[in-house]
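The chains referred to below are lettered A, B, ... by the order of the sequence lines, with proteins before strands, and numbering in each begins at 1.
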Protein chains: 2
Amino acid sequence: MIGAVKKACQIISCFTNETPILGIGEIAAKLDMNVSTAHHLVSTLCNEGVLMKDNQKKYRLGWKVLEWNNHVMFQQDVYDKAMPLVKELIHRFKGSVHIAMFDKGTVVFVLKVSSKDTTPIHTYVGSRKPAYATSSGKVLLAYNPAYLQETIERGLSYQAPNTITDIEQLKEELKWIQRNGYSISNNENSDGMYGIAAPILSYSKKIIAAINLVGPVSYMQDSHRSMIIQSVKSTAQLISKELGYIEV
Amino acid sequence: MIGAVKKACQIISCFTNETPILGIGEIAAKLDMNVSTAHHLVSTLCNEGVLMKDNQKKYRLGWKVLEWNNHVMFQQDVYDKAMPLVKELIHRFKGSVHIAMFDKGTVVFVLKVSSKDTTPIHTYVGSRKPAYATSSGKVLLAYNPAYLQETIERGLSYQAPNTITDIEQLKEELKWIQRNGYSISNNENSDGMYGIAAPILSYSKKIIAAINLVGPVSYMQDSHRSMIIQSVKSTAQLISKELGYIEV
DNA sequence: GGTGGGGATTTCATATTATGAAAATTCAGA
DNA sequence: TCTGAATTTTCATAATATGAAATCCCCACC
């Protein structure tokens, strides 16, 4: 592993919505590195356009990030092809919809759309949650044994009252998901939400991602839940058709 | 400048819409570096989530890029605040609208929206054009002498029949733009388009960016051009109010 | 207008670390 | 199973990132 590159990535990741503008000193303190080292790295990143200098001696993320983002294939495809279907789902049932992928034992949200009039949920594109404690994560685990293996190795820990922390219990649940083609998360996460997820599959039936619809427990418990489940499943299938050529 | 970081940035930039999936060999060839070096860098970037491994031995851009992009303050603000106003402009006049910023002698497009039924234009978020040959670029030059200085140092070169290649002529044009508060580009670029641009200013009247409306020459030449100019100017002013706290 | 202080830069010797040739491995296709 | 073309790993060496300290720069305060 090339240290300088790793550090550069860490520096870029320091710039968040909470701290979009940072000075050299702040960066160095955050990452516990020498100000000189930080300065060298930041200067290089500025030269490349990844960071840019504020009018003061502060820095912020630069244009290069926008450019790179435009080239993320998923972003392109997910936006162009999946978005209309996701919007339709939101339109019908309110709540929030995510598309999530598996990475290093967690689910990463690669798309998020929320209805305007729904309980806010603390997720954003790029954020992560434990796979075993989310509806989309459980779908991903159910459809790919390698994901499960990786998750087990990292261990299961308590997240909320209903989190599955027993490996055997998790395996049972995954079998159920395989049989039924969808998963449910009822307050297993820290957000007090009810989620329904279904798999997005490639042409060769490998799992690419999962789509989920999330809403307050009260809302989802009501009579039209089975209709929601059907809709999430069919949306997942439609998106699978659109994105199915992708193999991760 | 830290070489490893610079090279890592170059590697990331290799992944484009044309070549979204690359092998080590291809990357090494593109950048004329040793395959081993490329491999070390790519491995590190994979570890950081900036790149990800395809199912084959190929690589593509990873989730980290999505995450970083979400934190680009401009992106956030531009989308949330400027987008409705931009959409309104498109709705009224068709064509394409860009928001552009100045960087290293060129304009960088940080937002692009096109009407569905208009002549396509070869720009995208993150792409660049010479400042002196675009309507938005000329606005940026007119409102910031430092930008002009930088542009002159890099020299003016022929881009299309109407490109301004004489420095004195350019300065005259910029004075006109200052007086009138907008700029026009009539086939000065390589795209055969007619553009109208106006400045987006901060509260302290420094130029942040420029907004332009672009369309086929034939369309823009007609009688309601003065109305278009007024609309572009007033949209720019509204966006200035929304984004005015930003100081670059 | 001068002064002090808290940054950001720059410098430079040193130790760390990236480099690249070559060997080992993997994988797909014959 | 074999072959060839890729990737991945290894490792000695050269290159370069590192960080303490010195300098510079810009504000805020006198």
Side-chain angles (χ1 to χ4, degrees), chain A residues 1-15 19-62 104 146 149-150 202-204 206 245-248, chain B residues 1-15 19-62 104 144 146 202-204 206 245 247-248:
Chain A
M1 293 309 102
I2 292 175
V5 173
K6 188 174 178 176
K7 282 176 194 163
C9 290
Q10 290 174 333
I11 286 179
I12 300 170
S13 296
C14 282
F15 294 84
T19 55
I21 298 173
L22 292 167
I24 293 287
E26 292 171 288
I27 295 168
K30 268 200 182 198
L31 300 175
D32 195 28
M33 52 171 68
N34 188 291
V35 286
S36 174
T37 302
H39 182 259
H40 282 297
L41 289 162
V42 167
S43 296
T44 305
L45 290 170
C46 278
N47 250 308
E48 297 299 317
V50 180
L51 298 181
M52 55 191 269
K53 218 176 190 161
D54 212 80
N55 62 337
Q56 296 139 24
K57 293 175 176 181
K58 301 273 186 167
Y59 299 86
R60 62 169 81 210
L61 290 172
K104 302 200 187 82
Q149 185 56 33
E150 202 176 327
S202 74
Y203 294 154
S204 53
K206 281 188 202 162
Y245 64 90
I246 297 170
E247 296 264 331
V248 181
Chain B
M1 293 307 104
I2 292 175
V5 173
K6 188 173 178 175
K7 282 175 194 164
C9 291
Q10 289 173 334
I11 287 179
I12 300 169
S13 296
C14 281
F15 294 85
T19 55
I21 298 172
L22 291 167
I24 293 288
E26 294 171 289
I27 294 167
K30 269 199 181 199
L31 300 175
D32 194 30
M33 51 172 71
N34 189 290
V35 287
S36 174
T37 303
H39 182 259
H40 282 297
L41 289 162
V42 167
S43 297
T44 305
L45 290 170
C46 277
N47 250 308
E48 297 298 317
V50 180
L51 298 181
M52 56 192 270
K53 217 175 191 162
D54 213 80
N55 60 338
Q56 296 138 22
K57 293 173 173 180
K58 301 273 185 167
Y59 299 87
R60 64 169 80 208
L61 289 173
K104 303 203 186 81
N144 187 329
S202 75
Y203 294 154
S204 54
K206 281 187 200 162
Y245 64 91
E247 295 265 332
V248 181

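One finds the CG atom of N34(A) at 11.0 Å from the CD1 atom of I24(A) (value rounded to the nearest 0.5 Å). Atom SG of C46(B) sits about 9.0 Å away from atom CE of M52(B), to the nearest 0.5 Å. Going from atom CD1 of I12(B) over to atom OH of Y59(B) covers 14.5 Å, rounded to the nearest 0.5 Å.
The separation between M33(B) atom CE and dT19(C) atom C1' is 11 Å, rounded to whole Å. Straight-line distance from the CG atom of D32(A) to the P atom of dG19(D): 10 Å, rounded to whole Å. The distance from atom NZ of K53(B) to atom P of dC27(C) is 9 Å, rounded to the nearest whole Å. dT17(C) atom P lies 13 Å from atom CG of L41(A), rounded to whole Å. Counting to the nearest Å, the P atom of dA22(D) and the CG atom of N34(A) are 14 Å from each other. Put simply, CD1 on I27(B) is 9 Å from P on dT7(D), counting in whole angstrom units. Atom NZ of K6(B) and atom C1' of dA15(D) are 16 Å apart (whole Å).
Side-chain atoms of I24(B) lie closest to dT7(D) of the nucleotides dT18(D), dT7(D), dT10(D). If you check dT9(C), dT18(D), dG20(C) against the side chain of T37(A), the one that comes closest is dT18(D).
Phosphate contact (OP1/OP2 of dG7(C), side-chain N/O of Y59(A), threshold under 4.0 Å): absent. Remark: H39(A) is not in phosphate contact with dA8(C), judged by side-chain N or O atoms under 4.0 Å from OP1 or OP2. Side-chain N/O atoms of H40(A) include none lying less than 4.0 angstrom from OP1 or OP2 on dA17(D).
With sequence neighbours excluded, the residues forming a side chain to side chain donor-acceptor pair (under 3.5 Å) with S13(B) are W68(A), listed by chain and number.
Summary of the strand contacts: G23(B) and G3(B) both lie near DNA chain D, and taking for each the nucleotide with the nearest heavy atom, the more 5' one is attributed to G23(B). Of the two residues contacting DNA chain C, namely L22(A) and K7(A), the nearest-nucleotide position lying further toward the 5' end is that of L22(A). If you find the closest nucleotide of DNA chain C to V35(A) and to I2(A), the one lying nearer the 5' end belongs to V35(A).
One donor-acceptor pair, N or O on each side, does fall under 3.5 Å between the base of dA20(D) and the side chain of S36(A).
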### Task
Assess whether side-chain contact (heavy atoms from CB on, under 4.5 Å) is satisfied between H39(B) and I27(B), documenting all intermediate values.
CA-CA 9 Å; H39(B) 182 259; I27(B) 294 167; over 6 Å; no
